[in-house]
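Predicted, not measured: the structure shown is a model, and the values here were computed from it. In this chain, residues are counted from 1 in sequence order. Numbering of ligands and ligand atoms starts at 1, following listing order.
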Amino acid sequence: MKTLLLIDLQNDFMPGGALAVPGGDEVIPVVNALMPQFERVVATQDWHPTDHGSFAANHPGREVYEQIDLNGLPQTLWPVHCVQNTGGALFAPGLDTRRIERVFPKGTDRGIDSYSGFYDNGHRASTGLGAWLRERGVTALTVAGVATDYCVKFTVLDALSEGFEVELLAAGCRGVNLQAGDAEKALEEMATAGARVV
Ligand code: VGL
Ligand code: ZN
C-alpha cells in the first residue's frame, strides 16, 4: 500500500509567491510523474486565517523572520501567506490534483502555527491525518513538497514518531534556507530520525 504525502504545494510557496521557496515549482512535474506509482495520494495545505499569529504583520513593530514567543512557543514571523480562500493558498497550477484523495488543512488556529501535517507546533491538536492513514491500513509514506526545512521536516519527524515508515523524496522537496544549509541539515535530521532519504 504505497501512499504519497504532498506537503504544501501552494502558490504562496512557489516563485513569485508571498513566501517563495526557491525552485518550489520544480517539484510539481516530479510529483505529477510519480503519482501513478502510488495507490493513494494525500496532501496538506497551509491554511491560515488573516489574523494568524505567525504573520509579522499581526505583530506591530516586529519584522518578518524575527523570532517571537507565541503563546509559549518560539515562533518565526513570516510574511502573510496561505490565507484561507485566497489565491496564494491554492495548489500550484500544474499540480495534478485529480489523484489527491484528501487534503488536510493546517495552521487554522490563529494562536499556534502548524508546520507538521499531523499536529500543531505544540502537539496540542491533531489534524486527523494519522488516524485517517491508519484507518486505511497505511503503514508507509513517501513524502515530498515544501519547505524541506519547515513543513516537510516536521511532518516527517511526526510521521516517524507515529510509527510510519518514511521515504523522503529529496528531488521532490525544496527548502526556504533562511540560513544557508538549512535544507541540507533538515535532510540529515530526517535521516537520523529514521527516514530513508532517496
Ligand atoms: C511553511 C513556514 C510557514 C511550510 C508554512 O510549508 O514549510 N513554512 N508556513
Ligand atoms: Zn504557514
*Please identify which atoms of ligand 1 are closer than 4.0 Å to at least one heavy atom of Tyr150.*
7 (O), 8 (N)
*Heavy-atom distance to atom 4 (C) of ligand 1: which of Gly24, Gly107, Cys151 wins?*
Cys151
*Got the closest protein heavy atom to atom 2 (C) of ligand 1, with its distance?*
Trp78 CE2, 3.4 Å
*Within a radius below 2.8 Å of the Zn ion (ligand 2), how many protein N, O or S atoms are present?*
3
*asked:* A quick test of your reading: do over 12 heavy atoms of other residues, nucleotides or ligands sit less than 6.0 Å from CD of Glu26?
replied: yes
*Are any of the side-chain nitrogens in Lys2 or Glu39 under 4.0 Å away from the carboxylate oxygens of its partner?*
no
*Please indicate whether any nitrogen or oxygen in Ala147 is less than 3.5 Å from any nitrogen or oxygen in ligand 1.*
yes
_Under the rule for side-chain contact (heavy atoms from CB on, under 4.5 Å), what residues qualify as partners of Thr76, not counting sequence neighbours?_
Gln67, Trp78, Tyr115, Leu178
*asked:* Looking at Arg136, I'd like to know if its CZ atom is crowded, meaning that more than 12 non-hydrogen atoms belonging to other residues, nucleotides or ligands lie closer than 6.0 Å.
replied: yes
*Close-contact set for ligand 1 against Asp8 heavy atoms, below 4.0 Å*: 4 (C), 6 (O)
*Quick check: does any side chain N or O of Gln10 sit under 3.5 Å from a backbone N or O of Ala89, one acting as donor and the other as acceptor?*
yes
*For atom 5 (C) of ligand 1, which protein heavy atom lies nearest, and how many Å away is it?*
Asp46 OD2, 3.1 Å
*For ligand 1, which part of Val176 has a heavy atom less than 4.0 Å away: the side chain, the backbone, both, or neither?*
neither
*Has the side chain of Asp149 got a donor or acceptor atom that lies under 3.5 Å from a matching backbone atom of Asn177?*
yes
*asked:* If you compare all heavy atoms of Glu189 against all heavy atoms of Leu157, which two are closest, and at what distance to 0.1 Å?
replied: O-CD2, 4.2 Å
*Are any of the heavy atoms in His81 under 4.0 Å away from ligand 1?*
yes
*Given Val166, Val152, Thr155, the one that forms side-chain contact (heavy atoms from CB on, under 4.5 Å) with Met190*: Val152
*Take atom CD of Glu135 as the centre, draw a 6.0 Å sphere, and report whether it contains more than 12 heavy atoms from other residues, nucleotides or ligands.*
yes
*asked:* Under 6.0 Å between ring centres: does that hold for Phe13 and His81?
replied: yes
